[in-house]
Amino acid sequence: MADLLKLGVLISGNGSNLQSIIDHIEKGSLQAVIKIIISNNPDAYGLSRAKKHGIPFVVLKNGNFKNKEDFDAELVRILKDNGVELVILAGFMRIISPDFIKAFSGKIMNIHPALLPSFPGLHGQRQAVEYGVKFSGCTVHFVNEGVDTGPIIIQSAVPVLDDDTEDTLAARILKEEHRIYPQAIQLFADGKLEIKGRKVRIKN
Ligand code: GAR
């Protein structure tokens, strides 16, 4: 069997995307192994998921570091020490620094709850409801130095209904997130993603 792709998963909260990645690994539909989970929030529910599945985790508190650069240097050290080959941002609510991006160039993925480039930044679902779009969705993309601007790997669209609230739309989008994030990771594991400028080509 080929070596499993080594993942480092960064979370800040509930960790339902983390759970979906764990589930796909456990049922054999994702050929990867989570080497380390890192949370910047000691109360993140995702940490209970890590414990339940016996996956190593680390908490890095924002306040324990002098600045963003020191925090990110520690992140990079932990990820490298664990031999991480692909960094997965799964509801990680921090903007990462250029040095971090350089250290894992082309090897950091993020999931965003909107069809980028629409509604980047915080509260993508609320922005979609307030704007009045008829479709929204989610985007898995490689991370570059902008906020939610990196090359897009997979998107999935869902309808926005007349009586949707931020929460009902978020739930509909989340189902799709749980489907496409493991898919994008598997494509990476299979060596099928080729980044060319802004575009990601999926090789046959
Ligand atoms: C997800 O909806 C994810 O797309 C979003 O946070 C949620 C995390 O949920 N990420 C962002 O908004 C990043 N800008 P989870 O902790 O249950 O996976």
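Order of appearance sets the numbers: ligands from 1, and atoms from 1 within every ligand.
- The distance criterion of under 3.5 Å between nitrogen or oxygen atoms is met by Gly15 with respect to ligand 1.
- With respect to atom 15 (P) of ligand 1, the closest heavy atom belonging to the protein is Ser16 N, 3.4 Å.
- Other residues, nucleotides and ligands contribute at most 12 non-hydrogen atoms within 6.0 Å of the NZ atom of Lys66.
- Between the choices His112, Arg94, Arg49, the shortest heavy-atom distance to atom 14 (N) of ligand 1 belongs to His112.
- Distance check, rounded to the nearest 0.5 Å: CD1 of Ile185 to CD1 of Ile180 gives 10.5 Å.
- Protein heavy atom at the shortest distance from atom 6 (O) of ligand 1 is Met93 CE, 3.6 Å.
- Scanning the protein for heavy atoms near atom 10 (N) of ligand 1, the closest one is Ile111 O, 3.7 Å.
- Here's the thing with Asn110: none of its N/O atoms is less than 3.5 angstrom from an N/O atom of ligand 1.
- Given atom 2 (O) of ligand 1, the protein heavy atom at minimum distance is Glu177 OE2, 2.9 Å.
- At the shortest separation from atom 7 (C) of ligand 1 among protein heavy atoms lies Gly91 CA, 4.4 Å.
- Counting the atoms of ligand 1 from 1 in the order shown, those under 4.0 Å from a heavy atom of Asn14 are 16 (O), 17 (O).
- In this structure, Ile11 has no heavy atom closer than 4.0 Å to ligand 1.
- Annotation: side chain to side chain donor-acceptor pair (under 3.5 Å) contacts of Arg172 (sequence neighbours excluded): Asp164.
- By the 4.0 Å heavy-atom criterion, Gln19 is excluded from the residues contacting ligand 1.
- The cationic atom of Arg94 (NZ for Lys, CZ for Arg) lies less than 6.0 Å from the six-membered ring centre of Phe71 and within 45° of the ring axis.
- Below 3.5 Å of separation, one finds no N or O of Asp148 facing any N or O of ligand 1.
- Numbered from 1 in the order shown, with element, the atoms of ligand 1 that lie under 4.0 Å from a heavy atom of Leu174 read 2 (O).
- The heavy atom nearest to atom 5 (C) of ligand 1, considering only Pro113, Ala171, Gly121, is found in Pro113.
- A donor and an acceptor atom, one from each side chain of Gln155 and His141, are nowhere located under 3.5 Å apart.
- Members clustered with Ile95: Val147, by chain and number, using a 4.5 Å side-chain heavy-atom cutoff among hydrophobic residues.
- Side-chain N/O atoms of His24 and Gln186 include no donor and acceptor closer than 3.5 Å.
- For the atom pair Arg49 CZ and Ser16 OG, the distance stands at 6.0 Å (nearest 0.5 Å).
- Geometrically, Lys107 does not engage Phe188 in a cation-pi contact, judged by NZ or CZ lying under 6.0 Å from the ring centre and within 45° of the ring axis.
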> Hey, mind stepping through Lys27 and Asp23 against salt bridge (Lys or Arg N to Asp or Glu O under 4.0 Å) and telling me if it holds?
Replying inline: CA-CA 6 Å; Lys27 69 178 187 218; Asp23 293 346; over 6 Å; no
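- Scanning the protein heavy atoms around atom 9 (O) of ligand 1, the nearest turns out to be Asn17 ND2, 4.1 Å.
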